[in-house]
Amino acid sequence: MIKILVYITLSDNGIETIKSNPELPKAEMAYINQWRTENILESFFISVSKKDAVLIFQNLDEEKTKGLISSLPYYPYMLQVTYHQLNKQF
């Protein structure tokens with residue numbers, strides 16, 4: 001089964017903006033929870049520093065995944081986003 005791993009790094013300025021606006025994290029998590037409910041987001045990890053995140057999507061192609069990521073409230077604050085197609089072995 002093909003999965004899409006998305007690795008996100010936030011910019012330093014972005015982290016400061018997010019910290020100063022408590023509504024941004026709430027809005028971001030609403031998307032994450034919706035995707036989990038829709039069974040398209042398999043896993044979500046965030047680094048201890050909160051600068052990096054890993055999302056693992058299922059039942060989607062890369063193009064659709066890119067569209068979802070670009071819709072996130074944090075998207076303007078992302079320094080780097082990489083997409084990796086994975087074939088789950090076990």
Side-chain angles (χ1 to χ4, degrees):
M1 175 185 292
I2 300 294
K3 311 277 182 169
I4 307 291
L5 181 145
V6 182
Y7 188 90
I8 298 169
T9 301
L10 297 174
S11 69
D12 291 334
N13 290 340
I15 291 171
E16 293 307 314
T17 301
I18 291 164
K19 285 180 181 178
S20 68
N21 184 345
E23 294 304 313
L24 273 173
K26 289 178 189 175
E28 184 83 359
M29 286 310 296
Y31 280 81
I32 299 299
N33 290 327
Q34 177 65 36
W35 296 341
R36 192 176 73 176
T37 300
E38 294 172 355
N39 201 33
I40 58 174
L41 183 62
E42 180 181 280
S43 299
F44 174 62
F45 301 89
I46 189 163
S47 67
V48 174
S49 69
K50 299 189 179 189
K51 185 173 182 173
D52 303 293
V54 173
L55 296 85
I56 301 176
F57 288 90
Q58 59 188 4
N59 306 320
L60 292 177
D61 63 19
E62 188 171 334
E63 210 49 47
K64 176 70 174 168
T65 302
K66 286 179 178 181
L68 291 174
I69 295 300
S70 68
S71 71
L72 287 169
Y74 283 14
Y75 188 74
Y77 311 107
M78 294 179 188
L79 178 65
Q80 183 176 9
V81 181
T82 58
Y83 300 88
H84 305 275
Q85 290 190 22
L86 305 174
N87 191 2
K88 188 170 184 177
Q89 299 296 304
F90 58 88

Ring centroids only, cut at 6.0 angstrom: are F44 and W35 within range, meaning strictly under it?
no
Side chains of D61 and I4: does their closest heavy-atom pair fall under 4.5 Å?
no
For E16, what residues pass the salt bridge (Lys or Arg N to Asp or Glu O under 4.0 Å) criterion, not counting sequence neighbours?
none
By side chain to side chain donor-acceptor pair (under 3.5 Å) - contacts of T82 (at least two apart):
H84
Among residues two or more places apart or on two chains, list those pairs meeting side-chain hydrogen bond (donor to acceptor under 3.5 Å, both in side chains) that have a residue in residues 36-51.
K3-E42, D12-K51, Q34-E38, N39-Q58, S47-S49
Can you get from M78 to I46 by hopping between Ile, Leu, Val, Met, Phe, Trp and Tyr side chains that sit under 4.5 Å apart?
no
Residue set satisfying side-chain contact (heavy atoms from CB on, under 4.5 Å) with N87, at least two apart, ordered chain then number -> I2, Q89
Hydrophobic clusters join Ile, Leu, Val, Met, Phe, Trp and Tyr when side-chain heavy atoms are under 4.5 Å apart, directly or via other members; which others share one with V54?
L5, Y7, F45, I56, L86
So, taking the atom named CD1 in I8 and the one named CG in L72, what distance separates them when rounded to the nearest 0.5 Å?
6.5 Å
Within a strict 4.5 Å, meaning less than it, do heavy atoms of the I40 and L68 side chains meet?
yes
Approximate separation, where rounding is to 0.5 Å, of L79 CG and T9 OG1
6.5 Å
Side-chain contact test, heavy atoms from C-beta onward, threshold under 4.5 Å: evaluate it for Y77 versus N13 and give yes or no.
no
May I ask you to check whether over 12 heavy atoms, not counting those of Y75, lie within 6.0 Å of atom OH?
no
Taking it one step at a time, do L10 and I18 satisfy side chain to side chain contact (heavy atoms under 4.5 Å, CB included)?
CA-CA 10 Å; L10 297 174; I18 291 164; 3.9 Å; yes
Contacts table for residues 22-32: side-chain donor-acceptor under 3.5 angstrom, sequence neighbours left out:
| from | atom 1 | to | atom 2 | distance (Å) |
| --- | --- | --- | --- | --- |
| E28 | OE1 | Y74 | N | 2.9 |
| Y31 | OH | S71 | O | 3.4 |

